[in-house]
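Have a look at the structure below, then the notes.
Counting starts at 1 for both ligands and their atoms, following the listed order. Because only heavy atoms are used, hydrogens play no part in the values below, and waters and symmetry mates are left out as well, while side chains stay in.
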Amino acid sequence: MRIFMDTANVDEIRRGAAMGVVDGVTTNPSLLAKEGVEYRDRVLEIAEVVDGPISAECISETADEIVEEARRIAAWHDQVVVKIPLTEEGLAAISRVSAEGIEVNTTLIFSANQALLAARAGATFVSPFVGRLNDAGHDGMEVVREIVQIFELFDIETEVLAASLRGQRDVTEAALAGSHVATLPPAVLFGMIKHPLTDQGIERFLADAKSYKPV
Ligand code: G3P
């Protein structure tokens with residue numbers, strides 16, 4: 001499973017990329033709003049740090065406007081994947097821009113049916129929002145499992161990108177569900193490193209090493 005970072009904070013992305021484990025980045029208007037920077041500038045900055053897909057989101061609502069916006073966003077950089085929300089107008093736009101070779105990450109997916117439609121329209125990625133499904137009392141990871149199973153059954157090439165992941169266990173579950181990608185908030189990514197037994201082990205090794213270290 002590939003790991004993307006779900007943030008528009010370039011310092012966090014740099015920290016993740018330095019570990020050699022970041023395959024891409026996803027952003028959205030809410031993440032950009034926290035940064036107070038121009039969307040295009042930030043995407044170009046991220047492209048200097050990460051060599052992989054960078055999702056940038058459309059905010060238009062009609063198919064024609066989404067198509068126009070998607071073309072504009074896609075032209076920012078060849079790593080850009082255009083994020084389009086799953087609506088009727090969005091699907092019409094996805095099928096049009098995908099036919100032009102623009103890569104699309106269909107966002108705000110909450111059911112396997114929505115994912116199937118996005119895939120049929122030609123999306124490169126579908127993003128089921130696991131945490132928000134759980135917040136609403138559903139089993140978010142079950143939706144990921146269903147999408148993975150359907151895509152496998154029909155040899156659909158669209159990749160499943162598990163999004164809205166809130167904790168480290170979600171990452172393990174997404175991998176076990178067969179998700180192709182998981183996009184992680186920085187706290188989840190960096191939290192994955194830590195284990196109290198690792199810290200204890202290092203402490204003990206360092207203490208024991210004092211008995212033979214040259215002084
Ligand atoms: O990738 C989508 C993500 O940013 C949404 O996460 O925690 O706002 O549901 P959350």
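Note on Arg96 versus Asp64: salt bridge recorded, some NZ/NE/NH1/NH2 to OD/OE distance being below 4.0 Å. Arg72 and Glu69 are not joined by a salt bridge, as no carboxylate oxygen comes within less than 4.0 angstrom of a charged side-chain nitrogen. Between Arg132 and Asp135 there is no salt bridge, since no side-chain N of the basic residue sits under 4.0 Å from a carboxylate O of the acidic one.
Atoms of ligand 1 found under 4.0 Å from any heavy atom of Phe129 (numbered from 1 in listed order, with element): 2 (C), 5 (C). Near Ala163, meaning under 4.0 Å from any of its heavy atoms, are these atoms of ligand 1: 1 (O), 2 (C). Annotation for ligand 1: atoms under 4.0 Å from non-hydrogen atoms of Arg166 are 7 (O), 9 (O), 10 (P).
Taking all heavy atoms of Lys83, Glu57, Arg132 into account, the minimum distance to atom 9 (O) of ligand 1 is reached by Arg132.
Only side-chain heavy atoms of Asn28 come within less than 4.0 Å of ligand 1; its backbone N, CA, C and O stay farther off.
An N or O contact shorter than 3.5 Å links Ser164 to ligand 1 by distance.
Considering Asn28, Thr26, Asn105 as possible partners of Ser55, the one that fulfils the side-chain hydrogen bond (donor to acceptor under 3.5 Å, both in side chains) test is Asn105.
There is no side-chain donor-acceptor pair under 3.5 Å between Thr7 and Glu12.
For atom 1 (O) of ligand 1, the nearest protein heavy atom (residue, atom name, distance) is Asp6 OD2, 3.0 Å.
Looking at every heavy atom in both residues, Ser98 comes nearest to Gly122 through OG-O, 3.2 Å.
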